[in-house]
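To start, the structure itself, in structure tokens.
Everything numeric here is computed off the predicted structure, so don't read it as measured data. When a ligand or atom number is given, it counts from 1 through the structure's own listing order.
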Amino acid sequence: METHASAAEETARRRGELAANLAAVQARIAAACTAAGRPREDVTLVVVTKTHPAGDVRLLAELGVRDVGENRDQEAAPKAAATADLDLTWHYVGRLQTNKAKSVAGYADVVHSLDRVRLAAALSSAAEREQRTITALLQVSLDGDPSRGGVLPADVAELADAVADSPHLTLGGVMAVAPLGVEPAGPFATLREIASRLREAHPAATMVSAGMSNDLEAAIEAGATHVRIGTAVLGVRPSLR
Ligand SMILES: *Cc1c(COP(=O)(O)O)cnc(C)c1O
């Protein structure tokens with residue numbers, strides 16, 4: 001029988017893997033910023049750790065990651081609790097049901113997926129109970145199919161006003177996921193226009209969350225301030241059972 005690697009050896013191996021992947025992603029972000037004529041500090045890397053264990057979050061923090069993202073509350077809540085000793089900013093990037101607002105408000109600093117007025121109300125009162133303020137990004141639907149999440153571009157202004165009027169939310173900006181099967185440059189250009197229109201009414205709402213492992217360059221070219229990267233840092237996700 002083969003001897004198993006010790007836990008310490010396995011941790012060291014995983015740390016090396018994450019460090020190499022992180023360096024590659026940082027190099028891609030830096031190159032994309034240079035190509036777009038933007039300063040590197042314009043873009044924040046949010047590492048999306050969904051399906052990967054809290055131990056990976058700990059290793060990432062040791063490697064200098066400060067912003068982590070999750071897309072399911074059932075998974076995020078225990079992971080955030082298990083790493084509460086770390087100085088991390090938690091980003092909730094997935095679909096959010098109003099009945100989960102209370103739990104998400106317990107750990108999320110930024111919610112990227114605010115897409116309806118009712119959710120703004122639920123999240124604001126949940127944040128009030130936690131005595132905190134949550135930064136909310138308006139998730140915009142770029143494929144016109146709201147069943148995939150996101151507010152239609154025509155309804156952004158009204159939702160923005162609702163968030164801005166919510167006492168325990170700060171309107172941070174916009175977020176989008178590129179539609180499947182099309183070149184992302186077009187949709188990201190649309191998002192950039194929506195973001196710029198939003199800033200006319202809400203000048204402090206400067207965040208643009210766009211770009212994932214496969215399209216971060218196009219997102220940075222189109223003005224993204226936050227890229228949400230999972231696979232390129234953590235590897236392929238174990239399939240959900
Ligand atoms: C999983 C996820 C990401 C990261 O996707 P990768 O392709 O693995 O980089 C980004 N944004 C959202 C909303 C996600 O659910």
Side-chain angles (χ1 to χ4, degrees), residues 17-18 20-29 31-32 43-54 56-57 60 63 65-77 79-80 88-97 100 104 107-116 119 123 134-143 145-151 172-185 187-188 191 194-195 207-241:
E17 183 173 77
L18 290 175
N21 291 347
L22 205 51
V25 167
Q26 289 289 6
R28 283 176 64 190
I29 294 173
V43 179
T44 299
L45 167 62
V46 179
V47 179
V48 179
T49 50
K50 66 189 185 200
T51 75
H52 297 280
D56 280 354
V57 174
L60 288 165
L63 294 167
V65 169
R66 287 292 160 264
D67 292 85
V68 291
E70 286 285 332
N71 75 333
R72 287 167 67 244
D73 176 60
Q74 305 92 291
E75 183 184 350
K79 217 182 281 184
L88 293 170
T89 297
W90 285 88
H91 298 254
Y92 188 86
V93 303
R95 298 296 302 276
L96 182 52
Q97 305 300 320
K100 297 286 187 193
V104 167
Y107 57 86
D109 302 290
V110 186
V111 170
H112 291 230
S113 46
L114 203 132
D115 61 1
R116 53 204 191 278
L119 180 57
L123 197 59
I134 294 173
T135 297
L137 307 187
L138 311 183
Q139 182 175 352
V140 182
S141 168
L142 295 179
D143 59 6
D145 176 8
S147 73
R148 291 186 64 218
V151 60
V174 293
M175 175 272 210
V177 178
L180 294 170
V182 299
E183 278 296 311
F188 285 157
L191 182 67
I194 292 167
M207 296 166 71
V208 178
S209 167
M212 312 194 341
S213 292
N214 289 331
D215 57 16
L216 73 87
E217 286 84 2
I220 289 173
E221 173 63 36
T225 63
H226 290 69
V227 292
R228 310 178 308 268
I229 310 299
T231 316
V233 171
L234 289 131
V236 176
R237 286 183 278 277
S239 58
L240 291 172
R241 271 163 300 166

Taking [atom] as the reference point, the nearest protein heavy atom with its distance:
atom                    : result
atom 11 (N) of ligand 1 : Arg228 NE, 2.9 Å
atom 10 (C) of ligand 1 : Met212 SD, 3.3 Å
atom 8 (O) of ligand 1  : Thr231 OG1, 2.5 Å
atom 2 (C) of ligand 1  : Lys50 NZ, 2.6 Å
atom 13 (C) of ligand 1 : Val93 O, 3.4 Å
atom 9 (O) of ligand 1  : Ser213 OG, 2.5 Å

Have [X] and [Y] got a donor and an acceptor in their side chains that come within less than 3.5 Å?
X      : Y      : value
Asp67  : His91  : yes
Ser113 : Asp115 : no
Arg228 : Ser209 : yes

Under 3.5 Å between any N/O of Val177 and any N/O of ligand 1: does that happen in this structure?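 By distance alone, the answer is no.
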So does Val233 get a backbone contact from the side chain of Asn21, meaning a donor-acceptor N/O pair under 3.5 Å?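 Yes, because the side chain of Asn21 sits within donor-acceptor range (under 3.5 Å) of the backbone of Val233.
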Between OH on residue Tyr92 and CD1 on residue Ile134, distance to nearest 0.5 Å: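 Going from the OH atom of Tyr92 to the CD1 atom of Ile134 covers 12.0 Å.
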Would you call the rings of Tyr107 and Trp90 parallel, tilted or perpendicular, where under 30° means parallel and over 60° means perpendicular?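 The arrangement is perpendicular - the two ring planes meet at more than 60°.
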Between Glu75 and Lys50, does any NZ, NE, NH1 or NH2 come within less than 4.0 Å of an OD or OE carboxylate oxygen?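 No.
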Numbering the atoms of ligand 1 from 1, which are under 4.0 Å from a heavy atom of Asn71?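 Those of ligand 1 that fall under 4.0 Å from Asn71 are 15 (O).
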Distance under 4.0 Å to a non-hydrogen atom of Ile229: what atoms of ligand 1 satisfy this?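 Answer, ordered by atom number: 9 (O).
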Quick one: does Arg237 get within less than 4.0 Å of ligand 1, heavy atoms only?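 Under 4.0 Å: yes for Arg237.
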